[in-house]
Amino acid sequence: MASLTGMFRKNTLPRSFWPLAALTLLAVGLSIYRLVVGLGPTTNMSDHYPWGIWITVDLFLIPIAGAAFTVSLISFFFGYEDYRTVLRPAVVAGFLGYAVVGILLFLDIGRWPQFYNIFAPGYINLHSFLEEISLCVTLYVIILTLEVLPIFLERTKWEKNIRWIERGIYIVAGTGILLSTLHQSSLGSMFLLMTHKLHPLWYTPALPVLFFLQAGYTGLGATAIAITLIWRSKGLPVNRLLVRRIGQAMGINLLLYVFLKIGDWMGAGEIPLLLKPDAFGWIAWLELGIGILVPLAILFTRFVRHSQGPFWAGVFAIMGTFINRLVITWVGLAEPSPLPYFPSWIEILITVGLVAGAFLVYDRIIYAFRLLPEKPETRQ
Amino acid sequence: MSINRRDFLKVAGVAAGSALLPNLTVRAAPAAAADESIGMLYDATICVGCNACTNACRDWNGTDPEPDERGTYDAPKELSADTWTMIQLYQGEGEYSFVKRQCMHCIDPACVSGCPVQALEKTADGPVTYDAERCIGCRYCMYACPFHVPRFEWDAVIPVIAKCTLCADRLSQGIGGPNCAEWCPTGALVWGKRANLVAEAESRIAAEPDRYVDYIYGKEDAGGTSVLYLSGVSFDKIGFENLGARPIPELSEGTANIVLPGIILGGPIVLGLIRWVAKRGGWEESWPV
Amino acid sequence: MINTSMQEAIRGRGLSRRDFLKFCSLMAGVLAIPKSYAKNIEIAMETAPRTPIIWLEFQDCAGNSEALLRASRPTVAELVLDVLSVDYHETIMAAAGNLAEEAKDAAIEKGGYILVVEGSIPTADNGVYCTIAGRSAVDILAHAAANSVAVIAAGACAAFGGLPAASPNPTGARSVMELVTDKPVLNLPGCPLNPVNLTATVVHFLTFGELPAMDDLHRPLFAYGARIHDNCPRRGHFDAGEFVRAWDDEGHRKGWCLYKMGCKGPVTFHNCPAVEYNDGTSWPIKAGHGCIACSEPDFWDLGLYNQADLQKFAPPSTYAPVQPPTQHIDPAAAGLIGAAARLVVGAAGAAAYRSLTKPDQPEGSDNAPAEKG
C-alpha cells in the first residue's frame with residue numbers, strides 16, 4: 001500500500017506523467033482564456049453549430065462513466081457479489097468522467113457566471129430534458145462522492161464518521177442507479193425536440209431507451225477494459241470469470257439494443273435510407289458494424305471465454321458509441337449552413353487536456369488508495 | 001412495411017419503450033387562446049424586398065447593421081445576434097419570391113419547452129420573450145427551434161441569445177405593433193389579433209386564388225405559430241419545411257411527464273424486485289457458448 | 001442660311017473652339033458612346049450642313065419649347081437651335097399668320113427636314129379640338145410627316161398622349177407614333193423633355209446619319225435605358241429600408257428614399273439622375289419630391305402619390321438566398337476523420353485479431369476452466 005505522501009514522489013511517477021501533466025496544465029490555461037475572452041474567439045462554434053466537440057465528448061463520456069452505474073446495479077441488485085471487486089475502480093472512474101463532463105459543460109455554457117440558475121427553484125423547467133440532466137448529473141455526482149468517500153477516508157481518523165454511508169449503501173447505490181437511468185435516457189430524450197433536424201436514421205421516439213441500453217453496454221465495456229488494464233499494469237492475473245461475466249452482461253445489453261434499433265428502422269420504414277449510398281448510410285453501417293456486430297461476434301462466440309475477449313468487445317463497442325454520439329450531436333443535425341463545423345485547436349486541446357488530467361488523477365488514485373484487492377478475489 | 005414505428009415499439013415489449021411513448025391526448029391545445037393574442041401576417045407576394053422591416057427592427061432594438069464586403073449596404077446573409085429579421089430571396093425557374101425571416105413565435109414553442117431555466121417564455125400577448133437574467137447560455141433553444149431562429153452573441157464574453165421579440169415591449173407598453181410591421185411600406189407585413197390575421201389570409205387566398213399557394217403557413221404548422229405566411233411559390237422553396245401539425249415539444253414533454261414520475265416511483269420497485277429475485281434464487285448463468 | 005455649316009454658326013455666336021470641343025465630348029457622354037467618338041462628332045458638326053427642323057405644336061403647354069429655350073446662359077440646346085435651321089416654330093418665329101403658313105409649306109415642299117412634334121393630337125369629333133388655320137392637327141401632322149426624314153415626338157404628350165390623353169381623355173388625344181406609321185418615330189418623353197436628350201439625338205443623327213437605338217416604346221436607349229431607381233442618389237436608403245413616411249418628417253429631412261411617398265423611380269426609365277434638369281441644376285428627387293414617372297406612358301393615371309407596383313420587375317441578386325437546411329459533412333473534415341477512423345479501427349482490429357487468436361496463457365489464480373482460444 002503506497003502512502004498518500006508518496007503520490008508525487010519522483011520515482012513513483014509513471015513515464016507518461018509529465019506529458020499528461022503538461023497537456024492538463026495547457027488545458028487549464030486555455031480554459032481560463034476561454035472564460036475570459038468568450039466563446040467566439042476560442043471555438044469554431046457558430047449559429048448553425050451551437051454545440052461543438054465538447055457536447056459530443058460529454059455525450060460520449062457520460063455512457064462510459066456509466067460504468068459506475070452498471071457495476072453497482074449488477075453487484076448490489078442482481079446479486080453478483082464478485083462484481084464488487086471492480087466496484088471501486090468503476091466508481092472512481094465514473095466520478096472522474098463526470099468531473100470532466102462537468103468542467104466541459106461549465107466551459108460550454110455562455111453565461112457561466114450565472115450557471116447556478118440551473119438549481120434556482122423558481123427557474124427550473126421540468127419539461128426540459130437538459131434541466132433534468134443537469135439536476136440528475138449534479139445529484140449523481142453527490143452520490144458518487146458518497147460512494148467514493150470511503151475509499152479516500154478509510155484508515156484515517158474520519159473513517160468512523162462515514163460508516164453511515166457503508167450502512168446505507170443500498171439506498172445510496174439505488175439512488176445513484178435511478179439517477180443514472182434518468183439522465184442516461186434523458187440524454188437521448190434531449191434530442192426528441194429535434195424531430196426535423198436529426199437525420200432520420202438516428203431520430204426515433206425510442207432514443208431514450210436506446211441511449212439507456214447504450215449506456216449499459218458502453219459502461220460495461222469500459223469496465224472490462226479498465227479492469228483488464230489495471231490488473232495488467234499491476235502485474236496481477238486477470239480474473240477471467242469476472243471479466244467474462246461482464247462481457248455476458250454487455251452481450252445481453254447489446255442484443256436488446258440491436259433488436260430495438262433494427263426493429264425501429266424497420267417499423268419506421270427507414271431501411272431504404274440504410275441502402276442509400278450517401279455518407280449517412282455508410283456511417284450507419286459503420287456504427288452498426290464496429291459498435292454492435294463486432295462486439296456481438298466476440299461475445300457470442302468462443303472468444304468470450306478468452307481473457308482478452310470482453311476487453312476487445314468493449315473497445316469496439318465504445319468506438320461504436322463514439323460514432324453514434326458524433327452523428328447525433330454533430331454531423332447528423334440539419335442546418336441551413338454552407339459552413340460545416342470543425343473544432344478549433346483550443347476546443348480540441350481543452351478536451352484532450354481534461355481527459356489527460358482525468359487519467360493522471362486516476363493513475364495516482366490507483367497508486368495511493370486501495371481501489372483493488374491486494375490479491376485477486378476468487379468467486380466463492 | 002405493415003407495422004409502424006409506434007406499433008413496433010409496443011410489440012417489441014420493451015416495457016420502458018412503451019412507457020416512454022407519450023400519451024398524445026394528454027396535452028391541451030393552446031391554439032384557442034393564441035387566436036386572441038397578437039400575431040403578424042407576412043404576404044410574400046406583396047413584399048418588394050425593400051428591407052424597411054430590417055431597418056425598423058434595428059431602429060427599435062438598437063442592433064448594428066451587417067455591411068457587405070464593400071461596406072456599402074446593410075446586407076445580412078442570415079439571421080444573427082445583430083439581425084433579428086431580414087429578407088431572403090428565392091429564385092427559381094421563371095419565379096422568385098422574397099421571404100422575411102424572423103421568429104415565428106410558435107403557439108407551443110420548442111425553445112420554451114427546452115430551456116432549462118425558463119429564460120424563454122410565451123407570453124399571453126403572443127410574443128416569445130427572452131430573459132438574459134435567467135439564461136445560462138446553453139444554446140439548447142437554438143437546436144430545439146425547428147425554424148433555426150435563436151442566435152447567439154458569439155463574440156461577447158458573456159453572451160445573450162438574440163431573436164425577434166415581436167416587439168413585446170411595444171405591445172405591452174401600448175406603443176404600437178411590431179416595428180417592422182409598422183414600417184412596411186407596401187403592407188406585405190401586417191399585425192393584429194391572430195384570428196383576424198387568419199381570416200384576412202383566407203380572404204386574400206379566396207379573392208386571388210391564382211396569386212397564392214393555397215396554404216397559410218403557420219396556421220397549423222408545428223401546432224400553429226403567431227407569425228403567418230402567405231406565398232406565391234410553394235413553401236418548401238422559400239425554406240419552410242413541412243413540420244406537421246403537432247407541436248414540436250409534444251413528444252418531448254409527454255416523455256418527460258411519464259419518465260420522471262415513472263422512474264422516481266417505479267424505479268425503486270423494479271430495483272427491489274430485482275433484488276428479491278436475486279436473493280431467492282439468483283440469476284443462473286446460462287450462456288450459449 | 002441653309003448651307004451654312006455649324007462651324008460658322010458657332011463662330012457667329014462668339015463661342016470658342018474650346019467650348020465647341022467640350023460640347024462634342026458632352027454629347028458623346030450623353031449618348032453613352034466612347035469618348036473617342038467626340039472626334040467624329042466634331043467632324044460631323046463642322047462639316048454637316050445645317051439640318052432644317054419643323055417644330056409643330058398641338059395639344060401642348062409649350063413646356064418642351066420652354067425647356068429648350070429658357071436657359072440662363074448659351075446652352076447646348078440654344079447652340080443646336082442656332083445651328084439647326086428651325087424653319088417653323090410657332091412659339092419662336094417672328095412670322096405670323098399666312099406668312100408663317102407659307103414658310104412652313106415651303107419647307108415641307110423642299111423636304112429633308114426633321115419633324116419635331118410637341119403635344120398630343122386630338123382625334124375625337126374629327127379633330128375639332130385643335131385646329132390651326134382651319135386645318136385639324138391630324139391633317140397638319142399627316143401633311144408635315146409625309147416629306148420628313150424622321151419624326152421626333154418631344155415631351156410626354158407627343159410621345160404617349162400625356163395630360164390630354166389622361167383618363168377620361170375627352171378629346172381622344174393620340175400620340176404621334178399612333179398616327180405616323182410610315183416614318184421612323186422617336187419618342188423623347190418627359191414632362192418636359194430634357195433638352196440635353198433632344199440635342200444628343202440630333203447630334204447622333206448628324207454624326208451617324210440615323211436615329212439612335214430605341215426600346216419598344218421608341219425611346220432612345222442612351223437616355224431611357226436605365227431606371228431612375230438604378231442610379232438614384234437615394235438608392236442606398238431604399239436598400240437600407242430607410243423611407244420617408246411623411247413630408248417633412250425626420251427621414252425627409254435626412255434625404256431618405258421617397259418610394260413610400262409615391263416615387264415612381266423604380267418603374268421609370270430616364271437618365272435624370274445623370275443629366276438632371278436646367279443644365280444640371282437639379283431634378284425632382286434631388287429636390288425632395290418623388291419621381292412621377294413622366295417618361296412612362298399614362299403616368300397621370302398612375303396616381304401621383306400611389307406606390308409603384310414593383311412586382312413585375314426581377315429582383316437584383318444582392319439578396320441573401322434561401323438556404324434549406326440539410327445535413328452537411330465537411331469533405332475535408334470527413335476525410336480527416338475518415339482517415340483517423342480507418343487507422344484506429346484497423347489497428348484495433350488487427351490487435352484484437354492477434355490477441356484473440358493467440359492461445360490464452362493459463363493464469364494461476366484464475367479458477368475458471370482453462371480454455372484454448
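Every chain is numbered from 1 and lettered A, B, ... according to where its sequence line falls, protein lines coming before strand lines. Both backbone and side-chain heavy atoms feed into the values below; hydrogens, waters and symmetry mates do not. Being a predicted model, the structure only gives us computed values, none of them experimental.
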### Summary
Greatest number of non-hydrogen atom pairs under 4.5 angstrom with chain B, of A:L192, A:N125, A:L39, falls to A:N125
### Query
Side chain, backbone, both or neither: which part of A:Q114 has a non-hydrogen atom closer than 4.5 Å to chain B?
both
### Query
In terms of heavy-atom pairs under 4.5 Å, which option from A:F129, A:F212, A:F76 contacts chain B the most?
A:F129
### Per-residue contact mode, B:I161 against chain A (heavy atom under 4.5 angstrom)
neither
### Query
Measuring heavy-atom distances to chain B, does A:T195 have an atom under 4.5 Å in its side chain, in its backbone, in both, or in neither?
side chain
### Message
Using heavy-atom distances under 4.5 Å, tell me whether B:D131 contacts chain A through its side chain, its backbone, both, or neither.
### Response
neither
### Query
Relative to chain A, which segment of B:V160 carries a heavy atom at a distance below 4.5 Å: side chain, backbone, both, or neither?
both
### Message
So for A:I55, is it side chain, backbone, both, or neither that comes closer than 4.5 Å to the heavy atoms of chain B?
### Response
neither
#### Entry: Non-hydrogen atoms of B:I248 and A:L193 that approach each other most closely
CG2-O, 3.3 Å
### Query
Between B:S80, B:C145, B:G262, B:G239, which shows the greatest number of heavy-atom pairs under 4.5 Å with chain A?
B:C145
### Summary
Counting heavy-atom pairs under 4.5 angstrom with chain A, the leader among B:M142, B:H148, B:K77 is B:H148
### Task
Can you tell which part of A:L126 gets under 4.5 Å to a heavy atom of chain B, answering side chain, backbone, both or neither?
both
### Message
Counting heavy-atom pairs under 4.5 Å with chain A, which one of B:D155, B:I264, B:L243 comes out on top?
### Response
B:L243
#### Entry: Heavy-atom pair count under 4.5 Å with chain A, highest-scoring of B:A110, B:G114, B:A119
B:G114
